[in-house]
Amino acid sequence: MSSFNRVGTRWTGGDYRLMTEILRNEWGFDGVVICDYKTDNTVMDSRQMLYAGNDLILASLSNLLWNDASESSVQDMTILRQASHNILYAVANSNSINVDVIGYGLENWGIVMIVIECVVAVAIVGWGVCLFIAAGKVGKKEK
């Protein structure tokens, strides 16, 4: 997550040197970078953010527009395609895609509770069968 803060006079979420040159190129980060909550276009420019290397904008729908109303260029589409690629790459390589995730399982207390519930259920059914048999014996004695 890139922040709302500034390093010197540059907004960190819109700084190409920080987001792309250092984070992605030097450190080799392949995941998704999301910016801090965007309130308006005066401080946090959506186009600047995407061109810098951020991928997602944490904002309400009214704050997602480009600063200028000009037509989108080929470079804009390329940057949006790269951001989409980064998002999909992160999802495709996450544990949510793996069918069998090693290390994730039911907690010990959950297993104990399931065993206790099964034992109680068997005891209740056994008790019901015993009552049914005893009622049958009482009925035979009365005849």
Side-chain angles (χ1 to χ4, degrees), residues 1-140:
M1 177 178 236
S2 63
S3 68
F4 179 76
N5 302 354
R6 293 183 175 271
V7 175
T9 59
R10 290 192 149 308
W11 167 48
T12 57
D15 189 1
Y16 179 82
R17 297 169 300 174
L18 181 63
M19 293 291 109
T20 300
E21 290 178 2
I22 294 175
L23 180 66
R24 293 194 187 276
N25 297 343
E26 189 175 328
W27 294 347
F29 182 73
D30 289 330
V32 176
V33 179
I34 184 171
C35 78
D36 205 352
Y37 186 76
K38 179 181 175 195
T39 55
D40 59 11
N41 284 332
T42 59
V43 178
M44 301 170 76
D45 184 9
S46 301
R47 179 177 277 155
Q48 179 187 12
M49 181 205 70
L50 286 167
Y51 272 84
N54 276 285
D55 302 312
L56 288 172
I57 304 170
L58 183 60
S60 58
L61 292 176
S62 63
N63 296 330
L64 294 177
L65 302 175
W66 298 118
N67 269 354
D68 58 355
S70 64
E71 292 294 321
S72 294
S73 65
V74 175
Q75 291 88 1
D76 290 346
M77 295 303 117
T78 304
I79 292 300
L80 290 171
R81 186 176 290 128
Q82 181 62 41
S84 300
H85 168 78
N86 292 339
I87 295 166
L88 294 173
Y89 178 84
V91 171
N93 291 299
S94 68
N95 281 341
S96 64
I97 300 300
N98 297 336
V99 176
D100 185 26
V101 179
I102 298 173
Y104 292 102
L106 199 56
E107 297 289 335
N108 291 337
W109 65 268
I111 295 170
V112 169
M113 289 304 294
I114 290 172
V115 169
I116 290 172
E117 288 173 359
C118 290
V119 168
V120 169
V122 167
I124 289 173
V125 169
W127 183 56
V129 169
C130 289
L131 287 177
F132 186 73
I133 292 172
K137 288 182 181 178
V138 170
K140 284 184 183 177

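Just so it is clear, the values below take in all heavy atoms, side chains as well, and ignore hydrogens, waters and symmetry mates. Index from 1, following the sequence.
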Using the test side chain to side chain contact (heavy atoms under 4.5 Å, CB included), find all partners of [X] that sit at least two apart in sequence or belong to another chain.
X: Ser84; value: none
X: Ile124; value: Val120
X: Glu26; value: Ile22
X: Leu88; value: none

Using side-chain hydrogen bond (donor to acceptor under 3.5 Å, both in side chains) as the criterion, list what pairs up with Gln75, not counting sequence neighbours. Ser73

Who are the side-chain hydrogen bond (donor to acceptor under 3.5 Å, both in side chains) partners of Asn54, not counting sequence neighbours? Ser2

Test: side-chain hydrogen bond (donor to acceptor under 3.5 Å, both in side chains). Region: residues 10-21. Which pairs qualify, not counting sequence neighbours? Ser3-Thr12, Asp15-Arg17

For residues 108-117, run the donor-acceptor check on the side chains, cut-off 3.5 Å, and write out each pair with its distance to 0.1 Å, sequence neighbours left out.
none

Residue pairs, two or more places apart or on separate chains, that pass salt bridge (charged side-chain N to carboxylate O under 4.0 Å, His left out) and touch residues 48-58: Arg24-Asp55

As a quick check of understanding, evaluate side chain to side chain contact (heavy atoms under 4.5 Å, CB included) for Val33 and Leu56, giving each step before the final call. CA-CA 6 Å; Val33 179; Leu56 288 172; over 6 Å; no

Between Ala52 and Gly13, what is the shortest heavy-atom contact and its length? CB-O, 3.7 Å

Where Met19 and Leu23 come nearest, the two heavy atoms and their spacing: O-CB, 3.2 Å

Can you find a heavy atom in the side chain of Leu80 that is under 4.5 Å from one in the side chain of Leu50? yes

